[in-house]
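Please read the structure below before turning to the comments.
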Amino acid sequence: MRLCRFDHRRFGVVEGDQVIEVTDVLTGLASPSYPLPGHDPMIANLETLRPTLEGAAKSGSKRPLDGLRLDSPVANPGKIMAAPVNYRKHLEEVLSDAEIHHRNQAHMRKIQEVGLFLKANSALTGPGHAIPLRHLDRRNDHEIELAVIIGRTANHVTEAAAMDIIAGYAIGLDMTVRGPEERSLRKSIDGYAVLGPWLVTADEIANPHNLDFELSVNGEIRQKANTRDMVMDIPALIAFASRFYTLHPGDILMTGTPEGVGPVQPGDSIRAWFQSIGEMTVAVAAEA
Ligand code: MN
């Protein structure tokens, strides 16, 4: 099943190039009282909601996806985790390009030593919104990544159990301004965490470790790889993360980018494609 969000409050099931709106299914999901939960209520209830969603998708009226302004398929993640340099060839690229690593030793070490970093939730956006670049005097790079959406609360997860806590997958763009500051600062600018075009539930992707993917800018291919080349695979990343913090439904894990990262500028158009997920085109703009 493929689930999308659009027009800020609307929720849909994607079938082919059509969307069936199922916004009403979400009524009453979120706790109406303060404090709000620290997880995403739609993802937390996904298994319970599934028969209703499937029923609504059969009877609901279809509309074309084309022209809809897609938001992040997950509205309220508790956290956005991300893996640095998780593809060997990208590590080689980082080591060889001073503009990427800025002589910061921490940026040049292996993922097993560096661990994960967090991107601010306020950076999260969907493909229907142009990425508002800041610091135009510095290099702003694209990074395409497989994004894993956690489906249930879990702590100290073993690698053997890790795949069972996944709700689904989406394409992630881990946008980055290069420079000497901490990753969590440079990668947390508003709109620098793009998730889309929709969430594909885990049952639809038998093997997430063999997916081709590709990113192009203005029609020129920049990144082209396969998830089989991850240094730490998805179970290893989940097990690692959950030794530091409890994972919650809706938490997002960006699994790292392969070689080919490069700069974008206002006016550019990014196309990101993932086998078994789909594709999205995201505009790049300057901060208004
Ligand atoms: Mn990244």
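In this text, all values refer to a predicted model and were calculated from it rather than measured experimentally.
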Using atom types as modelled and distance alone, determine if a side-chain donor or acceptor of Ser72 lies under 3.5 Å from a backbone N or O of Gly126.
no
Applying salt bridge (charged side-chain N to carboxylate O under 4.0 Å, His left out), which residue pairs with at least one partner in residues 197-209 are found, sequence neighbours left out?
Arg2-Glu204, Arg50-Asp203
Partner set under side chain to side chain contact (heavy atoms under 4.5 Å, CB included) for Asp141, not counting sequence neighbours
Arg139, Arg178, Val261, Pro263
Would you give the length of the straight line joining atom CG of Leu146 to atom NE2 of His209, rounded to the nearest 0.5 angstrom?
8.0 Å
Main chain of His8, side chain of Arg5: is a donor-acceptor contact present, judged purely on distance under 3.5 Å?
yes
Ring-face cation contact, Phe117 with Lys187, 6.0 Å cut, 45° max
no
Which heavy atom of Pro84 sits nearest a heavy atom of Val114, and at what distance?
CG-CG1, 3.8 Å
Ignoring hydrogens and geometry, is there a side-chain-to-backbone donor-acceptor pair from Lys119 to Ile80 under 3.5 Å?
no
Glu279 atom CD, neighbour heavy-atom count above 12 within 6.0 Å:
yes
Heavy-atom neighbours of Arg138 CZ exceed 12 at 6.0 Å:
yes
Heavy-atom closest pair, residues Pro132 and Gly191:
CD-CA, 4.0 Å
Considering residues at least two apart in sequence or located in another chain, which fulfil the ring-ring contact (aromatic ring centres under 6.0 Å, His included) criterion with Phe274?
Phe213
Could you check Thr255, Ile111, Leu116 and say which one makes a side-chain contact (heavy atoms from CB on, under 4.5 Å) with Met232?
Ile111
Looking only at side-chain N and O atoms, does Glu182 offer a donor or acceptor that is under 3.5 Å from a partner on Ser184?
no
